[in-house]
Amino acid sequence: MKKFFASALVVAAFVAVPVSVFAVEVAVQTDARASIINAIELAAGADVLDFGMISTSGNAGSVTVSHEGSRTISGGVTTVGTDFSPASFVVTGQAGETFSINLPTSFDVTDGSNTMEVDAISTENLTVTIPAAGEVTFFVGATLKVDANQPAGDYIGQLEVSVNYN
Amino acid sequence: MIVLKAMSRKTATLTIMLLIGLSVGLSAQVSSTLFNIGIDAKVIAPISIENTGSTTLDFGTITRSTSVGYITVTPNGDRTTTGGASVLSSSDFSAAPFSVSGDADAAFSITLPADGTVELTRTGGTEKMAVNGFVHNSTLTLSSSGTETFSVGATLTVGASQVPGEYKGSFSVTVAYQ
């Protein structure tokens with residue numbers, strides 16, 4: 001009788017051991033993080049892309065307005081006056097972030113059914129870092145291709161530019 | 001029994017306890033079957049968990065918006081966006097990787113933070129973002145070598161016009177044998 005009770009107690013004692021081991025749980029703490037930045041926005045600046053006034057001839061030619069702000073000609077065109085400008089764009093966004101400028105390869109300017117092509121569209125850097133002020137302006141230049149005997153007129157087109165964070 | 005009756009009640013209690021202690025000792029020597037139960041218990045390795053390397057749960061860089069957005073990093077390492085915020089595709093992100101070790105082939109459970117308990121706080125500020133919907137991709141069984149690796153993902157809520165900055169927080173992952 002005495003032995004029976006003793007055995008029962010031992011069972012209770014040892015069974016309790018594995019139960020306590022299984023009940024052990026362990027935890028680990030880990031970091032989580034995220035960065036929030038201002039959205040990037042693009043607005044047209046003060047100047048449109050303006051090739052100025054051009055006089056044509058019987059020979060084809062071209063007018064280039066550089067993004068640095070100079071105007072050059074080649075072939076059978078001459079420039080009149082001094083009004084011209086590269087297009088300007090203003091980007092606002094998160095200081096320190098870089099963005100890419102997306103330019104078209106070409107677009108047309110038209111006056112009624114008459115057309116000229118604009119190509120060689122360029123800017124200083126296609127990748128730009130936003131300065132501390134959170135705002136940066138960039139300029140876009142291009143080349144206007146003028147056909148021989150291009151009809152006189154007021155030619156207008158749209159230069160579509162986009163930007164995106166890298 | 002006759003002896004106990006002759007004693008006071010306090011003394012009797014003490015004596016019984018002594019007898020029990022003695023009986024346990026005796027029995028351990030007598031019964032080999034019972035002793036084996038004890039050995040089984042000792043073989044089980046304690047379960048442990050660690051965050052692998054220095055990788056954290058990282059939602060990356062997010063562009064804020066005027067409407068609320070949700071950024072989800074899945075345990076398998078995908079990042080998706082719903083609502084107003086958008087992610088910089090070039091920014092690094094990661095689910096949090098963990099490794100568990102313990103007894104071979106043992107089943108275990110994982111306890112992840114409940115919704116509403118984890119927040120990230122802006123460094124140098126008080127603005128917060130909630131992290132909810134914690135999920136893992138574990139099989140919940142240790143391998144034959146007693147290990148298991150898994151990752152934890154979650155969903156970050158980016159408030160409308162959330163203040164820009166670096167946000168940090170922490171969370172706990174708990175494992176236990178089943």
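Here is how names work: the chains are called A, B, and so on, in the same order as the sequence lines, proteins then strands, and each is numbered from 1.
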query = Nearest heavy-atom pair of T174(B) and A27(A): which atoms, and what distance?
reply =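 Minimum heavy-atom contact is OG1-CB, 3.4 Å.
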message = Testing the basics here: between S48(B) and V26(A), what is the closest heavy-atom pair and its distance to 0.1 Å?
response = CA-CG2, 3.7 Å
ask   = Among T55(B), T63(B), T66(B), who wins on heavy-atom pairs under 4.5 Å with chain A?
value =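 Highest number of pairs under 4.5 Å: T63(B).
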ask   = Taking N51(B), D58(B), T121(B) one by one, which has the highest count of heavy-atom pairs under 4.5 Å against chain A?
value =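 Answer, by heavy-atom pair count under 4.5 Å with chain A: D58(B).
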Tell me whether the count of non-hydrogen atoms from other residues, nucleotides or ligands lying under 6.0 Å of [atom1] in [X] goes above 12.
| X | atom1 | value |
| --- | --- | --- |
| K168(B) | NZ | no |
| N76(B) | CG | yes |
| Q158(A) | CD | no |

request  = Among E127(B), R64(B), R122(B), find the one that has a side chain to side chain contact (heavy atoms under 4.5 Å, CB included) with I36(A).
outcome  = R64(B)
key: L88(B) vs I37(A) side-chain heavy atoms within contact, under 4.5 Å   =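 The answer is yes, as the side chains (C-beta and beyond) meet within the 4.5 Å cut-off.
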ask   = Does some side-chain heavy atom of L57(B) sit less than 4.5 Å from a side-chain heavy atom of T30(A)?
value = no
query = chain B contacts: which residues in residues 110-146 of chain A have a non-hydrogen atom closer than 4.5 Å to it?
reply =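 Not one residue of residues 110-146 of chain A has a heavy atom under 4.5 Å from chain B.
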Region of [X] that comes under 4.5 Å of a non-hydrogen atom in chain A:
| X | answer |
| --- | --- |
| V131(B) | neither |
| F108(B) | neither |
| V100(B) | neither |
| S65(B) | neither |
| L120(B) | side chain |

message = Between S35(A) (side chain only) and E166(B) (backbone N and O only), is there a donor and an acceptor less than 3.5 Å apart?
response = no
message = Set out, in order, the CA-CA distance, both residues' side-chain angles and the distance that settles side-chain contact (heavy atoms from CB on, under 4.5 Å) for T61(B) and Q94(A), then state yes or no.
response = CA-CA 11 Å; T61(B) 302; Q94(A) 185 68 36; over 6 Å; no
ask   = Rounded to the nearest 0.5 Å, what separation is found between the OG atom of S90(B) and the OH atom of Y165(A)?
value =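 So the OG of S90(B) and the OH of Y165(A) are separated by 11.0 Å.
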ask   = Same cluster or not: are L140(B) and F98(B) linked, directly or through other Ile, Leu, Val, Met, Phe, Trp or Tyr residues, by side-chain heavy atoms under 4.5 angstrom apart?
value = yes
